[in-house]
Amino acid sequence: MEETKQGLFIVVSAPSGAGKTSILREFRKIYPEVMFSVSHTTRPPRPGEVDGRDYHFVSETTFRELIAQDEFAEWEENFGCLYGTSGRIMTGFLSEGRDVLLDIEPRGARSIKGKYSGGVYVFILPTSLSELQRRLLGRGDHPSRITNRLARAAAEIGESICYDYVIINEHLPLAVDNLRAIYLAEKSRRERMMGKIEDILNVNKGQE
Ligand code: 5GP
């Protein structure tokens, strides 16, 4: 029964430019009680990003020290920078019964899947690669980086087969609805409701 008190974790991946950040931002506004796993990264902050909220921005030396201290449940290099998920923080939230949202790319997602059971894996797709290219151009990415990111996106989209759910991001509000639907359905799974069912039965017993 202990198992049912654990929080639920949702891993969300998407090729760069598919709109994942916007979807997650809206989802987090609706469910502020869902904890966001703030990754560590050696990438410099982008305008508007806040240390400790969007990422823990650290130097490569610090990052490598954290690897040596076994802090990360997984870590990967993306586009020349290092990114890692703190296993201690993630499992801490889950054991408190809190749900956790993780934004990680497919290789990291695969490592998490190999280490922890019971997660939900969601992949966000653009409507097409040409739409992805249009979004990357609109974002002002350098053309050489765009070619790089499109090649990587095609490879990552192939990874969607390992995920439980796929959301095609044609329209932001609809994509957010899809993520909410997945979350709510997963929360309502009978095996995750066992603790609640027992509570209901116990309250009734007390009233007899
Ligand atoms: P960005 O630099 O655009 O914020 O993120 C680049 C990529 O790194 C995204 O695909 C994002 O999902 C991924 N990422 C962010 N945090 C982590 C992490 O902790 N581990 C892994 N493996 N990837 C991450």
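Each ligand, and each atom within it, is numbered from 1 in the order the structure gives.
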Hey, could you give me each pair passing salt bridge (charged side-chain N to carboxylate O under 4.0 Å, His left out) that has a residue in residues 162-173? Not counting sequence neighbours.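 Matches after skipping sequence neighbours: none remain.
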Does the cation-pi check pass for R43 over F79, that is, NZ or CZ under 6.0 Å from the six-membered ring centre and within 45° of its axis?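 So R43 doesn't make the cation-pi contact.
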Taking 4.0 angstrom as the limit, do E74 and R110 come out as a salt bridge?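 Salt bridge: no.
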Would D54 and R46 pass as an ion pair if we require N to O under 4.0 Å?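 Result for this pair is no, no salt bridge flagged.
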Residue pairs, two or more places apart or on separate chains, that pass ring pair (Phe, Tyr, Trp, His ring centres under 6.0 Å) and touch residues 96-128: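 Ring pair (Phe, Tyr, Trp, His ring centres under 6.0 Å) check on residues 96-128 returns F123-Y163.
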Can you pull the ring pair (Phe, Tyr, Trp, His ring centres under 6.0 Å) pairs that have at least one residue in residues 14-48, sequence neighbours excluded? F27-Y31, F27-Y183, Y31-Y183, H40-H56, H40-F72
Residue contacts for ligand 1, heavy atom to ligand atom, distance under 4.0 Å: K20, S39, R43, R46, Y55, E74, E76, N78, Y83, G84, T85, D103, I104, E105, G108
